[in-house]
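One structure is given below, encoded as structure tokens.
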Amino acid sequence: MTNKQQAALEQASAGPGLFFGMELLGWYRSVKRDLPWRENRDPYRVWVSEIMLQQTRVDTVIPYYKRFMDKFPTIRHLAEAPEEEVLKCWEGLGYYSRARNLQAGAQQVVSEYGGSVPDDKTAVAALKGVGPYTAGAIMSIAFNRPEPAVDGNVMRVLSRYFCLEDDIAKPSVRTGIERIAAALIPEGAAGDFNQGIMELGALICTPKSPGCLICPVMAECAGRLAGRELELPVKTKAKPPRPELRLAALVEGAGPHAGAILVRQRPESGLLARMWELPHVLAPGGGSAGPVAAGSAAAAGPVRGRRRSTAALDAPAAAGEAAASPGANREARMALMGRALAEEARLLIRPRRWWRDAEHVFSHIRWDLQVYLADFGFVLKDAASAGGTQAGAYTGLAAEQPAAYMAGSGETAEAAQRETAASYDHAGLPLASAALVDRLPEGYRWIRQDDMKEMAFPNVFLRLLNDYWEQRESGCLPDEAEAE
DNA sequence: AAACCGTGGCA
DNA sequence: TTGCCAAGGTT
């Protein structure tokens with residue numbers, strides 16, 4: 001502990017600490033909000049709420065919490081549910097590993113503790129997705145055990161109250177503040193105290209404009225008395241997310257798949273694990289590295305005559321991209337996307353035209369998405385069954401065959417099993433025929449609007465897809481409007 | 001320690 | 001409009 005933390009700990013155990021605890025308890029019990037997870041102290045309900053509230057605002061959580069408890073009213077319901085249903089229930093809430101960990105934790109409780117959350121800090125802390133804060137919150141709120149629950153609110157409140165200048169962004173600082181918080185807990189009132197100090201941070205001792213004049217502990221707040229409440233807490237700024245330019249394909253089906261579009265499921269781990277999305281590829285050079293695939297752009301030939309009516313629509317989404325960047329980039333990127341999807345998924349499509357841009361910001365990455373409408377071509381046999389025809393397949397820029405693009409239709413794909421080599425023109429379109437299969441690549445499927453009710457999508461794709469269905473239904477898609 | 005993991009509200 | 005940040009955990 002730092003010297004200041006040490007001094008604060010001594011105060012917390014003495015007069016100022018007693019003052020803080022008593023004033024806070026009185027205040028909390030008189031003003032506490034009526035929240036759905038405060039109906040009772042059922043450990044399962046407390047647990048679910050604490051997981052949902054991680055890095056997430058109360059107002060955002062409330063509807064999710066109600067839906068979740070409605071669908072999974074007991075630990076056993078959650079433990080036995082299909083994982084997709086849990087994920088779908090979490091759709092839009094973010095940090096989706098929380099959902100998987102919560103269900104794994106529920107299964108742990110069923111198998112190890114007969115379905116009841118144990119009144120034991122070590123056991124609770126060992127549950128998946130339960131860290132120091134959440135363990136303390138569950139133990140204090142559900143079981144009234146005198147454990148600290150130190151989150152961002154508590155660190156802010158105590159930094160100000162004791163005028164601590166430690167950088168709360170450092171993991172080591174939280175440990176010191178935990179000791180102080182533990183010393184402040186009034187006898188027999190751990191649950192209300194911990195909820196009260198968080199409530200104070202959320203309603204009064206807010207980050208930007210704290211309401212010191214109505215704060216129940218203002219009289220003894222060292223930060224306020226020093227006039228430094230706005231400088232505290234000290235917290236180093238997070239690194240800005242790195243930009244990534246991503247090219248997404250909105251592939252419209254034909255033939256038996258007319259009216260459907262192509263989506264794929266993400267891998268089991270990592271970013272947005274197991275969620276569904278539009279197929280997309282990372283543009284080389286990332287989002288800030290200037291011209292993307294300049295060589296391809298040069299080879300792309302003249303742009304088509306059809307242009308958007310508003311210049312702003314073509315504004316570069318990627319940071320650092322020259323503002324004067326011409327619309328030819330769209331053509332180059334369509335070609336790039338077509339080739340990359342062929343390489344990565346052996347999925348052959350014909351990108352038709354730019355539809356719209358979208359942005360999706362994660363904590364550490366910013367996706368600048370360019371979405372292109374595309375027709376389905378066909379699916380190449382995988383490398384194994386294609387028997388080595390792959391090698392030359394994607395280097396066919398100087399193709400010897402005449403262009404014979406196979407128009408996208410379900411029948412084409414289902415004709416299947418043609419044993420011919422494939423090559424591609426400079427726009428990324430397949431030339432001649434290829435070795436075909438009649439099934440989609442692993443993880444891909446055609447969906448209609450109705451299918452989305454059972455599939456979890458990240459918000460950015462949810463918005464894109466909903467807008468797409470809506471626009472198509474009302475005949476407002478660009479191509480349809482201009483095709484007349 | 002530092003990077004990885006979402007999303008929305010607000011000034 | 002952009003930046004900040006919220007009831008954090010895991011690796």
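Keep in mind that this is a model prediction, so the values were computed, not measured. In what follows, chains carry the letters A, B, and so on, assigned in the order in which the sequence lines appear, proteins first and then strands, with residues in each chain numbered from 1.
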Heavy atoms only, 4.0 Å cut-off, all strands: where does [X] land among base, sugar-phosphate and nothing?
X	result
A:Arg274	nothing
A:Thr134	sugar-phosphate
A:Arg33	base
A:Ile138	nothing
A:Gly201	nothing
A:Arg100	nothing
A:Pro171	sugar-phosphate

From CD1 (A:Ile138) to CG (A:Leu127), nearest 0.5 Å | 7.0 Å
Figure out the NZ/P separation between A:Lys239 and B:dC5, and round it to whole Å.
-> 13 Å
Atom NZ of A:Lys170 and atom P of B:dA2: how far apart are they, to the nearest Å?
-> 9 Å
Between the side chains of A:Arg100 and A:Tyr96, does any donor sit under 3.5 Å from an acceptor?
-> no
Give a yes or no on whether the ring-centroid distance for A:Trp367 and A:Phe362 is below 6.0 angstrom.
-> yes
Are A:Met22 and A:Phe19 close enough that some pair of their side-chain heavy atoms sits under 4.5 Å apart?
-> no
Kindly give the atom pairs (protein nitrogen or oxygen, nucleotide nitrogen or oxygen) under 3.5 Å for nucleotides 7-9 of chain B.
{"from": "B:dT7", "atom 1": "OP1", "to": "A:Tyr96", "atom 2": "OH", "distance (Å)": "2.5"}
{"from": "B:dT7", "atom 1": "OP1", "to": "A:Asn459", "atom 2": "N", "distance (Å)": "3.3"}
{"from": "B:dT7", "atom 1": "OP2", "to": "A:His360", "atom 2": "NE2", "distance (Å)": "2.1"}
{"from": "B:dT7", "atom 1": "O3'", "to": "A:Asn459", "atom 2": "ND2", "distance (Å)": "2.7"}
{"from": "B:dG8", "atom 1": "OP1", "to": "A:Asn459", "atom 2": "ND2", "distance (Å)": "2.3"}
{"from": "B:dG8", "atom 1": "OP2", "to": "A:Asn459", "atom 2": "ND2", "distance (Å)": "3.4"}

Outermost DNA chain C nucleotides near chain A [under 4.0 Å, heavy atoms] = C:dC4 to C:dT10
Look only at the side chain of A:Glu277 and the backbone of A:Pro458, and say whether a donor-acceptor pair between them is shorter than 3.5 Å.
-> no
Spell out, as yes or no, whether a donor-acceptor pair under 3.5 Å connects the side chain of A:Arg242 to the backbone of A:Arg366.
-> no
A:Phe143 ring centre to A:Arg145 NZ or CZ under 6.0 Å, with the angle to the axis within 45°?
-> no
Between A:Gly129 and A:Leu53, which is nearer to the 5' end of DNA chain C once each is assigned its nearest nucleotide?
-> A:Leu53
